[in-house]
Amino acid sequence: DIMMTQSPLSLPVTPGEPASISCRSSQSLLHSDGYNYLDWYLQKPGQSPQVLIYLSSNRASGVPDRFSGSGSGTDFTLKISRVEAEDVGIYYCMQALQMPLTFGGGTKVEIK
Amino acid sequence: QVQLQQSGPGLVKPSQTLSLACAVSGDSVSSHSADWHWIRLSPSRGLEWLGRTYYRSKWFDEYAVSLKSRITINPDTSKNHFSLQLNSVTPEDTAMYYCARGGSGYLDYWGQGTLVIVSS
């Protein structure tokens, strides 16, 4: 199985400031089709997870452009350019290259 | 608009069978481009993929190795839903259970979640 490691575990943020979360996989997520099969999800309090970024850098429908994803191979980053209060929750990365799907341990983002 | 609606009991006794259903609207479980997953979330294990079913001219399923002897995911085309059965549950199976749609390299729609507690 592909292991996913996220950091930090917890991220206190100030509204209006940028934030960044890292995700590392135990093997390359680069498929022969040229895509990196790495997604980012946000689970807001009391809700189901929702996709933010898919295939490393593609924003899902309806996701604000302050969210961006980057990276290739085994190292990936989710950036929020200016954090808003509604961005609090737990962020997870997930690899979709192969079954079983595996997730990072999560990063809890909270407002300072 | 795709929606996944989960149903099933929130309390299961140890050694019994956990059964949940996920009703799909706005898509078909027989779609040739989608797959249908069950995932759970617990404090001890985080997000854990349980298995999936999908149709590509015939039905396929895949399961987490750790659960393979206890788990079944079945589609029901007459009801356009898919179900999860987990046998011989223990308190370690206590978790929030989610169904989700995949097939494009990500899970784009999720059910609302069902908290299942295993307790006598």
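Order of the sequence lines sets the chain letters (A, B, ...), proteins ahead of strands, with each chain counted from 1. Quantities reported herein were computed from a predicted structural model and do not represent experimental measurements. Worth knowing before you read on, the calculation uses all heavy atoms, side chains too, and leaves out hydrogens, waters and symmetry mates.
Hydrophobic clustering keeps B:W38 apart from B:I117 (ILVMFWY residues linked when any side-chain heavy atoms are closer than 4.5 Å, directly or through intermediates). In the hydrophobic clustering of ILVMFWY residues, with side-chain heavy atoms under 4.5 Å counting as a link, A:W40 and B:Y109 come out apart. By the criterion of side-chain heavy atoms lying less than 4.5 angstrom apart, applied directly or through intervening Ile, Leu, Val, Met, Phe, Trp or Tyr residues, B:Y97 is not grouped with B:I39; the two fall into different hydrophobic clusters. One hydrophobic cluster, built from ILVMFWY side chains closer than 4.5 Å, holds both B:V29 and B:Y55. Taking hydrophobic clusters as Ile, Leu, Val, Met, Phe, Trp and Tyr residues chained together by side-chain heavy-atom distances below 4.5 Å, B:Y106 does not share a cluster with B:V24.
Annotation: side chain of B:L41 is in contact with side chain of A:Q43 (closest heavy-atom distance under 4.5 Å). Using a 4.5 Å cut-off on side-chain heavy atoms (C-beta onward), A:P49 and B:Y98 make contact.
For the set A:L101, A:V51, A:D39, the count of heavy-atom pairs under 4.5 angstrom toward chain B peaks at A:L101.
Considering every non-hydrogen atom in both A:S48 and B:G111, the closest pair reads OG-O, 2.6 Å. Between B:W49 and A:P100, the shortest heavy-atom distance links the atoms CE3-CB, 3.3 Å.
With values rounded to the nearest 0.5 angstrom, B:S104 atom OG is found 11.5 Å from A:N58 atom CG.
Contacts of residues 82-99 of chain A with chain B at a heavy-atom distance below 4.5 Å involve A:Y92, A:M94, A:A96, A:M99, listed in sequence order. Scanning residues 1-18 of chain B against chain A with a 4.5 Å non-hydrogen threshold yields no residues.
Looking only at distances, a side-chain donor or acceptor of A:Y41 sits under 3.5 Å from a matching main-chain atom of B:L107.
With a 6.0 Å radius and a threshold of 12 heavy atoms from other residues, nucleotides or ligands, A:K44 has its NZ atom above the threshold. Summarising the local packing, OH of A:Y35 is surrounded by 12 or fewer heavy atoms from other residues, nucleotides or ligands at distances under 6.0 Å. Counting heavy atoms of neighbouring residues, nucleotides and ligands inside a 6.0 Å radius, atom CZ of A:R24 does not exceed 12 of them.
Using a 4.5 Å cut-off between heavy atoms, B:R45 does not touch chain A at all.
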